[in-house]
Enquirer: 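My questions will all concern the structure given below.
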Amino acid sequence: MTAAILADATPQTTATAQRFDIYQPIHKGLRDFMGDTLSRVGRVDVTDAEDLADALSQVEALLDFCAKHVQHENEFIHTAIRARQPGAASRTADDHVEHLQSIDTLHKETRAVYDADNEQRHALALRLYRHLALFVAENLQHMHIEETANNAALWAHYTDEELAAIHDRLLASIAPAEMMLGLRWMVPALTPQQRAGMFGEMKAGAPAEVFNAVVDTVRPHLAARDWSKLASALA
Ligand SMILES: [Fe+2]
């Protein structure tokens, strides 16, 4: 599949690049969250209880976040695609069923590492690492389909104003803790321009204490250069 996709050298046109992209920002964050968590499990010291607990709790947080992400896409995005182009979201809807099964398996494998005795723990942590890698690989392919085929369906049948309204409804359904975790991974994964746009809107529309809490959450994860660009954009 990847070779066929790479063989299509057609650049994304300016027209589609400028459309409202409901997937791109959160998917950038998810790619980062997934890659970081996979690396974290790969280097975990299973003989160090604190290091092990930190790594496994990051896995649990990622899996819970992914399950909620699937629910949000099913409820808001797939529903919107089906309403105007029945069948267009069937590939990624089927993927979501598999993703939820994989998430359940990975939860069990994470728990098995916690529960194992010292002799078994190395092997079970390696199993979790390899299976998490396959889950990440599947999600990377899946997100590409969403950002190309699903976006093409959305752009063909919805205006940007309608897509922004769907996105607003999706965001309004997200609990504060999940929102903060999403921002912690998404904001550092964006370009400085995307970051400045998002924070400019947030500063104008959200209560000051909420905006300040978001800044406090993401700032430790931004490189000094990126923070300075964001601070200048907001000044
Ligand atoms: Fe998805």
Side-chain angles (χ1 to χ4, degrees), residues 1-8 10 12-13 15-17 19-35 37-38 59-110 130-175 177-179 181-183 185-186 189:
M1 173 184 165
T2 308
I5 291 170
L6 296 181
D8 178 5
T10 314
Q12 193 174 31
T13 66
T16 53
R19 292 296 311 268
F20 184 91
D21 191 336
I22 203 165
Y23 286 113
Q24 193 202 128
I26 188 58
H27 279 183
K28 281 186 168 180
L30 261 180
R31 288 178 176 105
D32 206 11
F33 195 1
M34 287 177 172
T37 306
L38 182 60
V59 175
E60 300 278 12
L62 172 69
L63 295 174
D64 290 342
F65 192 83
C66 287
K68 291 195 177 102
H69 179 71
V70 163
Q71 287 166 8
H72 300 320
E73 287 185 344
N74 285 347
E75 187 177 348
F76 294 94
I77 305 181
H78 286 176
T79 302
I81 293 172
R82 280 202 198 92
R84 298 197 182 172
Q85 191 177 336
S90 58
R91 157 80 192 266
T92 51
D94 290 346
D95 288 348
H96 282 176
V97 174
E98 273 192 36
H99 291 180
L100 292 176
Q101 291 166 350
S102 300
I103 287 167
D104 189 47
T105 301
L106 289 166
H107 267 304
K108 287 178 179 142
E109 293 189 358
T110 306
R130 288 183 173 143
H131 286 177
L132 184 60
L134 293 177
F135 178 70
V136 171
E138 155 58 27
N139 272 272
L140 293 177
Q141 303 251 13
H142 168 85
M143 288 189 281
H144 183 81
I145 302 294
E146 290 178 325
E147 289 177 29
T148 54
N150 286 14
N151 260 342
L154 289 168
W155 292 336
H157 299 288
Y158 288 89
T159 66
D160 281 351
E161 290 70 27
E162 289 175 313
L163 293 175
I166 292 167
H167 189 239
D168 286 345
R169 288 204 302 278
L170 191 163
L171 291 182
S173 77
I174 296 177
E178 182 194 349
M179 179 69 77
L181 182 64
L183 289 165
W185 287 102
M186 182 169 69

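Only this structure's heavy atoms are used, side chains among them; waters, hydrogens and symmetry mates stay out. In this text, all values refer to a predicted model and were calculated from it rather than measured experimentally.
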Enquirer: Suppose we screen for side chain to side chain donor-acceptor pair (under 3.5 Å). Which residues come up paired with N139, at least two apart in sequence or across chains?
Expert: none
Enquirer: Partners of E75 by side chain to side chain donor-acceptor pair (under 3.5 Å), sequence neighbours excluded?
Expert: none
Enquirer: Please name all residues satisfying ring pair (Phe, Tyr, Trp, His ring centres under 6.0 Å) with H72, sequence neighbours left out, ordered by chain then number.
Expert: none
Enquirer: T37 versus V136: any side-chain heavy-atom pair under 4.5 Å?
Expert: no
Enquirer: So, using side chain to side chain contact (heavy atoms under 4.5 Å, CB included) as the criterion, who are the partners of N74 when residues are at least two apart?
Expert: V70, H78, H96
Enquirer: Take T79 and I166, measure what side chain to side chain contact (heavy atoms under 4.5 Å, CB included) needs, and give me the verdict at the end.
Expert: CA-CA 10 Å; T79 302; I166 292 167; over 6 Å; no
Enquirer: According to side chain to side chain donor-acceptor pair (under 3.5 Å), who are the partners of Q71, at least two apart in sequence or on a separate chain?
Expert: none
Enquirer: What pairs meet the salt bridge (charged side-chain N to carboxylate O under 4.0 Å, His left out) rule with one or both residues in residues 156-168, with sequence neighbours excluded?
Expert: R19-D160, R84-E162
Enquirer: Would you call Y23 and M143 a side-chain contact if the rule is heavy atoms closer than 4.5 Å?
Expert: no
Enquirer: If you take all heavy atoms of I81 and A153, which pair is closest and at what distance?
Expert: CG2-CB, 4.2 Å
Enquirer: At what distance, to the nearest 0.5 angstrom, does CG of L63 lie from NZ of K108?
Expert: 12.5 Å
Enquirer: Do T110 and L132 have side chains that get closer than 4.5 Å, going by heavy atoms?
Expert: no
Enquirer: Rounded to the nearest 0.5 Å, how far does CG of L62 lie from CH2 of W185?
Expert: 8.5 Å
Enquirer: Rounded to the nearest 0.5 Å, what separates atom CD1 in I145 from atom CG in L140?
Expert: 12.0 Å
Enquirer: Output all residues satisfying side chain to side chain contact (heavy atoms under 4.5 Å, CB included) with A164, sequence neighbours left out; order by chain, then residue number.
Expert: F20
Enquirer: Of all residues at least two apart in sequence or in a different chain, which pass the ring pair (Phe, Tyr, Trp, His ring centres under 6.0 Å) check with Y158?
Expert: none
Enquirer: Once you round to the nearest 0.5 Å, how far does CD1 of I22 lie from CG of L163?
Expert: 6.0 Å
Enquirer: Less than 4.0 Å between a side-chain N and a carboxylate O, is that true for K68 and D64?
Expert: no
Enquirer: Identify every side-chain donor-acceptor pair in residues 27-34 under 3.5 Å, counting partners at least two apart or on other chains, and give the distances.
Expert:
from : atom 1 : to   : atom 2 : distance (Å)
H27  : ND1    : E147 : OE2    : 2.8
H27  : NE2    : H69  : NE2    : 3.4
H27  : NE2    : E73  : OE2    : 3.1
H27  : NE2    : E146 : OE1    : 3.1
K28  : NZ     : Q24  : OE1    : 3.3
K28  : NZ     : Q194 : OE1    : 3.0
R31  : NH1    : E147 : OE2    : 3.1
R31  : NH2    : E147 : OE2    : 3.1

Enquirer: For the residue pair V59 and L106, establish whether any side-chain heavy-atom pair is separated by less than 4.5 Å.
Expert: no
Enquirer: Just wondering, do F135 and I103 contact through their side chains at under 4.5 Å, heavy atoms?
Expert: yes
Enquirer: How long is the span from the CG atom in L134 to the CZ atom in R130, to the nearest 0.5 Å?
Expert: 10.0 Å
Enquirer: Are E138 and D95 side-chain neighbours, meaning at least one heavy-atom pair lies under 4.5 Å?
Expert: yes
Enquirer: Suppose we screen for side chain to side chain donor-acceptor pair (under 3.5 Å). Which residues come up paired with H131, at least two apart in sequence or across chains?
Expert: E109
